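Inspection log for the structure reproduced underneath, given as structure tokens.
Excluded from the calculations below are hydrogen atoms, water molecules and symmetry mates; all remaining heavy atoms, backbone and side chain alike, are included. The structure presented is a predicted model; accordingly, all values stated were derived computationally and were not measured. Residue numbers begin at 1 in each chain, while the letters A, B, ... track the order of the sequences.
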There are 2 protein chains.
Amino acid sequence: MKKIMDFADVKACPEQFVLALNDTLNVLTGKWKLPILGSLLFGIKRFTDIQKNIPKITPRMLSKELKDLELNGMVKRVVYDSTPVLIEYELTDSAKKLSDVIDSMLNWGLDHRKAVMVG
Amino acid sequence: MKKIMDFADVKACPEQFVLALNDTLNVLTGKWKLPILGSLLFGIKRFTDIQKNIPKITPRMLSKELKDLELNGMVKRVVYDSTPVLIEYELTDSAKKLSDVIDSMLNWGLDHRKAVMVG
DNA sequence: CAGTATCCAACAGGATACTG
DNA sequence: CAGTATCCTGTTGGATACTG
């Protein structure tokens, strides 16, 4: 794993690092993004499949978040020109790699819980 | 780095993992938490020092976020009983370990930017 | 210096109903 | 099935002024 200080240009040009960090934060934050990505980690899904996977999400929010994730290169929306039209959502390769980030967040979170308990 | 599927009980008891993940997200999200943690990574600081470090943050927001970070075990607030009273903020050990998470977020973010560019 | 107090705007998200 | 359209509430954050 490359550390931030390994990047030679971090001091010379910090803006790109701030942007990259914000990108990561943006695809994770909000009430529904992680549940949606989690649902799609188990495979290609249709709109109503995702809705069934995530209790209490409304179609409005699912639609909004899927558009946002698509715009940010996390989700591919595939339209099959059958009758009736079939639409499927799947994760991009980039999105699948997010599991590394989630693992590190999980590890820190579990450690932190222990630390806060005793402290 | 331990991966989520390495935890034997992840399927039996997923709630603690959801909580841990949310903890991590909660100490990172919002407009000011990361800048504040970043400022304190360079050492112990006083209220107005942090304010000088972070352009445009108001005392209201800095006060609110510092309280929140303290409550979540990220920041220690130390009061020196001199006259006038001196107050310093420093990161907890747990907060310092966040740099691992930030590194992984940064790496993913930089990769993702490249992937989205070409895609 | 280290904050509070008040008021206000913007946005995230929810409830419900409707559509090609 | 795969969404939109409206309307509404709560939270986040900003502006400005003030305090021990």
Side-chain angles (χ1 to χ4, degrees), chain A residues 18 21-40 42-72 74-91, chain B residues 18 21-40 42-72 74-91:
Chain A
V18 176
L21 201 47
N22 278 334
D23 283 354
T24 313
L25 231 32
N26 283 336
V27 301
L28 290 173
T29 54
K31 190 169 177 181
W32 301 114
K33 293 217 178 63
L34 223 33
I36 292 169
L37 296 175
S39 166
L40 290 174
F42 290 96
I44 293 168
K45 294 263 170 68
R46 300 170 67 176
F47 192 91
T48 34
D49 294 330
I50 306 173
Q51 229 186 319
K52 280 172 207 155
N53 275 192
I54 305 175
K56 303 202 178 179
I57 193 169
T58 62
R60 190 178 90 90
M61 287 313 292
L62 181 53
S63 170
K64 185 180 163 295
E65 297 295 282
L66 282 171
K67 271 179 190 157
D68 197 76
L69 289 169
E70 196 190 353
L71 210 72
N72 286 298
M74 302 296 287
V75 159
K76 265 178 292 193
R77 181 179 184 271
V78 185
V79 182
Y80 294 94
D81 238 357
S82 52
T83 44
V85 146
L86 171 66
I87 294 163
E88 289 183 340
Y89 292 92
E90 60 179 307
L91 294 185
Chain B
V18 175
L21 200 47
N22 278 334
D23 283 354
T24 314
L25 232 31
N26 283 336
V27 301
L28 289 173
T29 55
K31 192 169 177 182
W32 302 114
K33 292 215 179 64
L34 222 32
I36 292 169
L37 295 174
S39 166
L40 289 175
F42 290 96
I44 293 168
K45 294 264 171 66
R46 301 169 64 175
F47 191 91
T48 35
D49 295 330
I50 306 174
Q51 230 187 320
K52 280 171 207 157
N53 275 192
I54 305 176
K56 303 203 177 178
I57 194 169
T58 61
R60 190 179 89 90
M61 288 312 293
L62 182 53
S63 170
K64 185 180 162 297
E65 297 294 286
L66 282 172
K67 271 179 190 158
D68 197 77
L69 289 169
E70 196 188 353
L71 211 71
N72 286 298
M74 302 296 288
V75 159
K76 266 178 291 193
R77 181 178 183 271
V78 185
V79 183
Y80 294 94
D81 238 356
S82 51
T83 43
V85 144
L86 170 67
I87 294 163
E88 289 183 339
Y89 292 93
E90 59 179 307
L91 295 185

Can you tell which of Lys45(B), Arg77(B), Lys76(B), Arg46(B) makes a side-chain hydrogen bond (donor to acceptor under 3.5 Å, both in side chains) with Tyr89(B)?
Arg77(B)

Between the main-chain N or O of Pro59(B) and the side-chain N or O of Ser63(B), is there a donor-acceptor pair closer than 3.5 Å?
no

What is the separation between atom CD on Gln51(A) and atom P on dA2(D), rounded to the nearest whole Å?
10 Å

What integer distance in Å separates Glu70(A):CD from dA2(D):P?
14 Å

Roughly, in whole Å, what's the span from CG in Leu86(A) to C1' in dA2(D)?
11 Å

Closest non-hydrogen atom pair between Tyr80(B) and Glu88(B), with its separation:
CE1-OE1, 3.3 Å

Side-chain N or O of Tyr89(B) less than 4.0 angstrom from OP1 or OP2 on dG3(C)?
yes

What does the list of N/O pairs under 3.5 Å between the protein and nucleotides 13-15 of chain D look like, with a distance for each?
| from | atom 1 | to | atom 2 | distance (Å) |
| --- | --- | --- | --- | --- |
| dG13(D) | OP1 | Lys31(B) | N | 2.9 |
| dG13(D) | N7 | Arg60(B) | NH2 | 2.9 |
| dG14(D) | OP1 | Lys31(B) | NZ | 2.3 |
| dG14(D) | OP2 | Trp32(B) | NE1 | 2.9 |
| dG14(D) | N7 | Arg60(B) | NH2 | 2.9 |
| dG14(D) | O6 | Arg60(B) | NE | 3.1 |
| dG14(D) | O6 | Arg60(B) | NH2 | 2.9 |
| dA15(D) | N6 | Arg60(B) | NE | 3.3 |

Within-4.5 Å side-chain heavy-atom neighbours: Leu28(A) and Lys33(A):
no

Beyond-backbone contact of Leu40(B) with Leu69(B), side-chain heavy atoms, under 4.5 angstrom
no

Considering every strand and a 4.0 Å limit on heavy-atom distances, what is the contact class for Pro59(A): base, sugar-phosphate, or nothing?
base

Distance check: side-chain N/O of Ser63(B) vs OP1/OP2 of dA2(C), anything under 4.0 Å?
no

Quick check on dC1(C): is either OP1 or OP2 less than 4.0 Å from any side-chain nitrogen or oxygen of Arg46(B)?
no

Rounded to whole angstrom units, what separation is found between the CG atom of Leu34(A) and the P atom of dG13(C)?
13 Å

I want to check one thing: is the phosphate of dT4(D), taken as OP1 and OP2, less than 4.0 Å away from some side-chain N or O of Lys67(A)?
yes

Could you give the CG-to-P distance, from Leu62(A) to dG14(C), as a whole number of Å?
12 Å

Nearest-Å distance for atom pair CD1/P, residues Ile87(B) and dA2(C)
6 Å

Under 4.5 Å between any side-chain heavy atoms of Ile87(B) and Phe47(B), yes or no?
no

Do Asn26(A) and Asn72(A) have side chains that get closer than 4.5 Å, going by heavy atoms?
no

Both distances under 3.5 Å, Watson-Crick or G-U wobble: report the partner of dG20(D), or none.
dC1(C)

